[in-house]
Structures are given as C-alpha cells and as structure tokens.
S.K.: 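Starting off with a structure, shown below.
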Amino acid sequence: MVMDNWITLSLTTKGPLNLKRTLETGHSSFPIPRSDKSGRYYFVITIPDSHKKVVCRVYQKGAKLIAEVSSYNEQLSENDLKALKKLLRKTFGLHLNMLEFYTEFKNDPIAPAFKHCVGVRLTCAHDHFESLISSILTQNSSIWKWVGQARRIKELMGDKFPTDHFMVYSFPDPQKLFRYKHLLKEAKLGYREEYVIKSTQDIANYQIRLDKLENIPTMEAKKVLLKLKGIGPKVADMFLLYGLGKIDAPPTDIWIQRGVSKIFFKGKEKSLEECREKLVERYGKWAGIAQLYMFDWIRSTSKK
DNA sequence: TCCCAGGGAGGAT
DNA sequence: ATCCTCCATGGG
C-alpha cells in the first residue's frame with residue numbers, strides 16, 4: 001500500500017528541542033520508535049475520544065516538531081486533529097519549557113548536564129499500558145534489550161499498519177495481551193514474563209485502573225502501583241514519570257545512586273531511598289526532570 | 001540473610 | 001575462547 005495522504009501538523013514549543021536525543025535516551029514511555037532513512041520516527045497512536053488508531057511519523061525542523069498523520073481510509077475530523085495535537089504535545093514534552101528548569105538550577109552541581117543534554121525532553125506515554133509494561137521490562141536490563149522485548153510483543157500481538165518503509169505495530173491492549181499470553185515466550189522476556197502476565201491480568205480485570213492514577217497525588221499513585229507484581233519502587237517511579245508525566249517522581253537506580261552519592265554525599269555510598277529523598281528535597285517538583293538529565297549525563301560521559 | 005531466576009553484550013582473562 | 005559482570009524484583 002502506498003501512503004500519500006499524510007496530514008501535516010506543526011507543533012511549536014518554548015526552549016530547545018533535540019528529538020533524536022530525547023527518543024534514543026530510552027525513556028520507558030514507549031520503546032524507541034523505528035525511523036526511516038530521513039530520520040522520521042514512526043508509531044501508532046490512538047486519538048482520544050474517537051479512539052481512531054492512526055500512524056504518525058515525526059521529525060524535527062528547527063525548534064519545531066513536525067508530525068505527519070495517516071489514517072488510511074478513515075476520515076479525521078477537526079476535533080480529532082485538535083485532540084491529537086494536544087496528545088502529541090504531551091507525548092514529546094513540548095508543554096514544558098526546559099529553559100525554566102535550566103535557569104532555576106543554573107548554579108546547581110548538575111548544571112553541566114544542561115549543556116551536555118540540551119533539548120532533551122521528557123516523553124510521556126500516549127498509551128499507559130504500553131508504558132507500564134515497558135517499565136516492568138526495564139528492570140535489571142539495558143535499553144537495547146528491553147526495547148527489543150517490547151517491540152517483539154508489538155510484533156506478536158499488535159495491530160499491523162503498513163507504511164512505505166516497514167510495518168508499524170500498535171501495542172496490544174491488556175485484554176488482548178492476556179488472551180495471547182501463550183505467545184509471550186517468543187518475546188524472550190526471561191523471568192519478567194511472569195510479572196508482565198500478572199500485572200496485565202490485574203489491569204485487564206480492572207483491579208488497577210491506570211487512567212485513574214493520573215489525577216491523584218504522586219505518592220498515592222505509587223502505593224497503588226506497588227501492589228502489582230514485578231513493580232518495586234524504581235519501576236513505579238518510572239511509570240509515574242514516563243507513563244503519567246508526574247515530574248516530581250525521580251526513578252532512582254544504581255546510576256542515579258552513584259551520581260547522587262558522589263555529588264551530594266562526597267562519594268559516600270547512600271541507599272537508594274536516601275538518594276531519592278535527596279533528589280526530591282533538592283529539586284522539588286522538578287525531581288523527575290533532574291533525574292532525566294542526570295541519567296543521560298552520567299551514562300553518556302561514563303561510556304568514554 | 002543470601003542466592004537465584006533469564007537475557008545478551010562488553011570487558012577481562 | 002571462556003569467564004565475569006551488570007541490573008530490580010520477588011521468592012525460596
């Protein structure tokens with residue numbers, strides 16, 4: 001099928017944007033989307049309210065994000081496009097002005113990270129379930145590995161959307177994933193498979209409602225998430241930040257622990273809890289964003 | 001309390 | 001070529 005009926009949306013933002021760096025840092029909002037030779041990233045997104053699934057491809061043009069949308073033969077209304085635009089703004093963190101953050105902490109020990117990672121945005125899930133499962137997969141793993149696992153789930157159970165370059169897949173909804181759980185072996189999730197199945201079951205049965213967590217305080221939502229099997233404090237924070245956009249939740253893993261211990265405790269190794277508390281105490285509502293920049297900074301400088 | 005579950009790359013030997 | 005290590009969570 002040849003796709004030539006793309007609708008173009010142009011999204012502006014305040015402050016710098018670096019789309020490639022943002023996506024390839026590997027936030028658990030969704031697995032890193034595939035890109036074509038022109039560097040456009042493809043994914044399937046569901047339009048709020050009308051629930052129409054469309055293929056979207058995005059690229060950066062100056063400080064703007066260009067999103068091209070194809071709905072195949074389905075008509076998109078003005079309201080659809082408006083809702084999609086709003087969702088995409090949140091998905092790529094365009095609603096936050098990073099300059100505010102850089103300015104507020106310009107004399108902070110992590111200020112060098114702003115130069116190093118300038119334009120990195122917080123991505124936020126357009127599909128809560130996909131983000132929750134992705135967060136579970138990140139545990140005890142590396143970016144390339146969990147992204148592979150999440151992509152395999154999509155290929156095994158998602159809806160297929162052909163493009164001129166490759167097939168693009170949606171993430172299955174909880175009911176579908178649970179129904180096809182016998183196929184999960186092929187996704188090679190290792191011992192995380194059990195966590196994925198149990199959590200999926202609780203969500204498919206409406207024991208836990210991810211959508212309801214958006215509007216309750218961060219720590220209350222965290223308590224709910226911790227009831228799910230395979231979700232501990234770190235993974236819960238990842239979903240709060242990258243799934244729900246709660247920017248006061250800093251996921252604290254071994255890298256952040258080392259970084260915080262070095263910067264704020266003169267290198268004396270502190271516990272994960274102490275390091276998380278330090279981030280919240282120091283960065284307040286920006287704690288999650290501080291974590292995002294610290295992570296990218298530490299990882300990119302420790303490779304060399 | 002410690003140890004293991006599964007995955008696969010990257011570093012050390 | 002083979003071994004060791006990394007990494008969150010839960011359970012024995």
S.K.: Using a 4.0 Å heavy-atom cut-off, does A:R152 contact any base of the nucleic acid, only the sugar-phosphate backbone, or nothing at all?
M.R.: nothing
S.K.: Using atom CG of A:N140 as one end and atom P of B:dA9 as the other, report the distance to the nearest whole Å.
M.R.: 16 Å
S.K.: In whole Å, I'd like the distance from the CD atom of A:E194 to the P atom of B:dG7.
M.R.: 14 Å
S.K.: A:L184 CG to B:dG7 P: how many Å, rounded?
M.R.: 13 Å
S.K.: Quick one: which residue pairs count as a ring pair (Phe, Tyr, Trp, His ring centres under 6.0 Å) with a foot in residues 211-243 of chain A, not counting sequence neighbours?
M.R.: A:H27-A:Y242
S.K.: Report the relative orientation of the aromatic rings in A:Y191 and A:Y195; use parallel for angles under 30°, tilted for 30 to 60°, perpendicular for over 60°.
M.R.: perpendicular
S.K.: Below 6.0 angstrom between ring centroids: does that apply to A:F105 and A:Y283?
M.R.: yes
S.K.: Base, sugar-phosphate alone, or nothing: which one does A:I231 contact when heavy atoms must sit under 4.0 Å apart?
M.R.: sugar-phosphate
S.K.: When the distance from NZ of A:K188 to C1' of B:dG8 is rounded to whole Å, what number comes out?
M.R.: 10 Å
S.K.: Partners of A:R282 by side-chain hydrogen bond (donor to acceptor under 3.5 Å, both in side chains), sequence neighbours excluded?
M.R.: A:D108
S.K.: Go through DNA chain C in 5' to 3' direction and return only the first and the last nucleotide with some atom under 4.0 Å of chain A's heavy atoms.
M.R.: C:dC7 to C:dG11
S.K.: Same cluster for A:F30 and A:V44 if Ile/Leu/Val/Met/Phe/Trp/Tyr side chains link at under 4.5 Å?
M.R.: no
S.K.: Between C:dC4 and B:dC3, how far is it from one P atom to the other, in whole Å?
M.R.: 15 Å
S.K.: Grab the CD1-P distance between A:I143 and B:dG8 for me, whole Å please.
M.R.: 17 Å
S.K.: Return the value, rounded to whole Å, for the distance between atom CH2 of A:W146 and atom P of B:dA9.
M.R.: 18 Å
S.K.: Do A:Y169 and A:F43 make the cut of ring centroids closer than 6.0 angstrom?
M.R.: no
S.K.: Under 4.0 Å, counting only non-hydrogen atoms across every strand here, what does A:K145 touch: a base, just sugar-phosphate, or nothing?
M.R.: base
S.K.: Mapping A:L226 and A:I254 onto DNA chain C by nearest heavy atom, which one lands closer to the 5' end?
M.R.: A:I254
